[in-house]
Amino acid sequence: MSTEAVPALPPEHPLTDGRTADSPLLRALRGERTGSRAVWFMRQAGRSLPEYRAAREGVGMLESCLRPDLAAEITLQPVRRHHVDAAIFFSDIVVPLRLAGVDVDIVAGRGPVLDTPVRTAADVAALPSVDDVDFTAIRDAVRLTVAELGTTPLIGFAGAPFTLAAYMVEGGPSRDHLGPRTLMHADPETWRALTSWAADLSGAFLRAQLEAGASACQLFDSWAGSLSAADYEAQAAPASARAFAHVADLPVPRLHFGTGTSELLPAMHAAGATAVGVDYRLPLDEASRRLGGDVPLQGNIDPALLAAPWEVLEEHVRDVLRRGDVAPGHVVNLGHGVPPHTDPDVLTRIVELVHEVPQ
Ligand code: CP3
């Protein structure tokens with residue numbers, strides 16, 4: 001009997017053939033402090049770039065995510081322009097919903113909107129089977145992207161079940177997420193069924209991206225901060241763990257990020273993440289302390305400071321680097337996404353600064 005492990009990723013995968021294995025991103029996510037620092041930006045592809053606005057002209061958001069050539073081109077734009085250390089796959093957390101046949105659209109300036117909200121046991125039972133979802137367009141876009149990226153890793157992502165379910169229950173964006181927060185207590189069985197469905201869908205979406213060539217993955221739980229720690233642990237974390245379990249056999253780092261999560265970081269790590277993204281509210285040295293000091297971190301430049309004078313921003317970035325030095329590994333990023341009106345030259349300048357500062 002052979003004792004050799006069966007490779008879980010194909011031989012032509014950039015982690016298997018070595019292209020991205022020792023990149024700054026992968027090193028930082030392994031907790032190593034050698035070579036240059038790694039930096040990328042959440043929402044680095046998007047409206048802050050004139051080339052993005054040109055590429056998207058006349059094409060709907062979801063349509064552009066499902067056209068492999070366009071999704072690959074938009075994913076590559078910020079890498080070419082800013083020389084960031086990772087690409088984030090251009091897609092959206094609701095793309096798998098659309099692929100599953102759920103009637104969802106993304107309204108510019110507003111966000112995801114569903115024709116029919118999902119609120120009852122019957123609504124959940126009527127959801128399409130996750131097993132039948134065809135991720136061919138996603139796999140094709142990832143392959144096209146990775147072929148151009150060379151040694152720069154691609155990060156695949158998905159929405160965490162709570163954030164996805166929040167859109168499904170509300171039928172659109174909301175401020176307080178009252179609908180999902182009521183449902184989880186009023187009808188816990190339906191809530192569990194809905195978040196399990198969302199976990200399997202997001203897990204399959206992550207797996208499709210990783211198998212096709214992504215070298216790391218991130219679960220976005222953008223709205224987890226609307227939950228108490230007790231509700232997060234009981235009603236959201238189990239489904240996030242279920243999503244991560246879909247890719248736990250693959251030799252790739254797993255990032256977990258949300259906003260307003262200062263009290264949730266240990267539970268987010270325990271859900272199956274190998275590294276934790278921190279929003280701008282909590283300094284990284286304190287985040288590291290809360291996580292026991294041995295978890296690689298990502299974050300957490302305040303997006304508001306992108307519009308401040310360079311001297312103010314530079315001092316802030318240097319402070320983020322100093323505090324991040326407390327963690328075993330640090331991937332420099334924002335504490336949430338790039339605001340649409342950001343001057344892209346500021347992002348390029350941050351990348352240059354981060355690459356200049358030795359670690
Ligand atoms: O560069 C990248 O980060 C790549 C792709 C990406 C998008 N959405 C593209 C997008 C990623 C990682 C996401 C994740 C996403 N989508 C999240 C989690 C991250 C976060 O920001 O908290 C959430 C909550 C969504 C849902 C969603 N989709 C929202 C709230 C919006 C914004 C609505 C608006 O117009 O302001 C979208 C639309 C969306 N997703 C855009 C982009 C580039 C803007 C659409 C456009 O360009 O017209």
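The first residue in the sequence is number 1, and the count goes up from there. Every number for a ligand or one of its atoms is a count from 1 in the order of the listing.
In the model, Thr20 has a side-chain atom that pairs as donor or acceptor with a side-chain atom of Ser215 under 3.5 Å. For the residue pair Asp302 / His336, no side-chain donor-acceptor distance below 3.5 Å is found, with atom types taken as modelled. Donor-acceptor pairing under 3.5 Å is lacking for the side chains of Gln44 and Gln77. Donor-acceptor pairing under 3.5 Å is lacking for the side chains of Ser36 and His355. The closest side-chain donor-acceptor pair between Asp200 and His246 falls under 3.5 angstrom. A donor and an acceptor atom, one from each side chain of Thr348 and Asp345, are nowhere located under 3.5 Å apart.
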| field | side chain to side chain contact (heavy atoms under 4.5 Å, CB included) between Met168 and Leu97, intermediate numbers included | value | CA-CA 9 Å; Met168 295 173 77; Leu97 286 180; 3.9 Å; yes
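Of the protein's heavy atoms, Phe157 CZ, 3.6 Å lies nearest to atom 11 (C) of ligand 1. Among all protein heavy atoms, the one lying closest to atom 23 (C) of ligand 1 is Ile93 CD1, 3.7 Å. Residue, atom and distance of the protein heavy atom nearest to atom 35 (O) of ligand 1 are Gly109 N, 2.7 Å. Scanning all protein heavy atoms for the shortest distance to atom 34 (C) of ligand 1 gives Arg47 NH2, 3.2 Å. Given atom 22 (O) of ligand 1, the protein heavy atom at minimum distance is Ser222 OG, 2.4 Å. For atom 37 (C) of ligand 1, the nearest protein heavy atom (residue, atom name, distance) is Asp92 OD1, 3.6 Å.
The closest non-hydrogen atom to atom 48 (O) of ligand 1, taken over Met61, Arg56, Arg53, comes from Arg56. Comparing heavy-atom distances from atom 5 (C) of ligand 1 across Ser91, Ala45, Ser48 singles out Ser91 as nearest. In this structure, of Arg110, Arg43, His336, the residue bringing a heavy atom nearest to atom 29 (C) of ligand 1 is Arg43.
Considering backbone and side-chain atoms together, Trp223 places no N or O closer than 3.5 Å to any N or O of ligand 1. At least one N or O atom of Tyr52, backbone or side chain, sits closer than 3.5 Å to an N or O atom of ligand 1. Looking at Ala108 next to ligand 1, no N or O pair under 3.5 Å apart turns up.
At a 4.0 Å heavy-atom cut-off, ligand 1 does not touch Pro173 at all.
Annotation for ligand 1: atoms under 4.0 Å from non-hydrogen atoms of Phe89 are 4 (C), 5 (C). Using a 4.0 Å cut-off to heavy atoms of Ile88, the atoms of ligand 1 that qualify are 1 (O), 2 (C), 3 (O), 4 (C). The Ile106 neighbourhood of ligand 1 comprises atoms 38 (C), with distances under 4.0 Å to a heavy atom of that residue. Per-residue contacts place Phe220 under 4.0 angstrom from the following atoms of ligand 1 (heavy atoms of the residue considered): 12 (C), 18 (C), 19 (C). Residue-ligand proximity, Tyr167 to ligand 1, at heavy-atom distances under 4.0 Å covers atoms 24 (C), 26 (C), 30 (C).
Under the 4.0 Å criterion applied to side-chain N and carboxylate O atoms, Glu286 and Arg323 are not assigned as salt-bridge partners.
No donor-acceptor pair under 3.5 Å is formed between the side chain of Asp176 and the backbone N or O of Leu178.
The CG atom of Leu194 sits 10.0 Å away from the CE atom of Met184 when rounded to the nearest 0.5 Å.
In this structure, Phe162 has its ring center at least 6.0 angstrom away from the ring center of Tyr232.
For the ring-ring contact (aromatic ring centres under 6.0 Å, His included) criterion with His256, the lone passing option out of Phe157, Phe244, Phe220 is Phe244.
At least one heavy atom of Pro112 sits closer than 4.0 Å to an atom of ligand 1. Taking a 4.0 Å cut-off on heavy atoms, Phe41 fails to register as neighbouring ligand 1.
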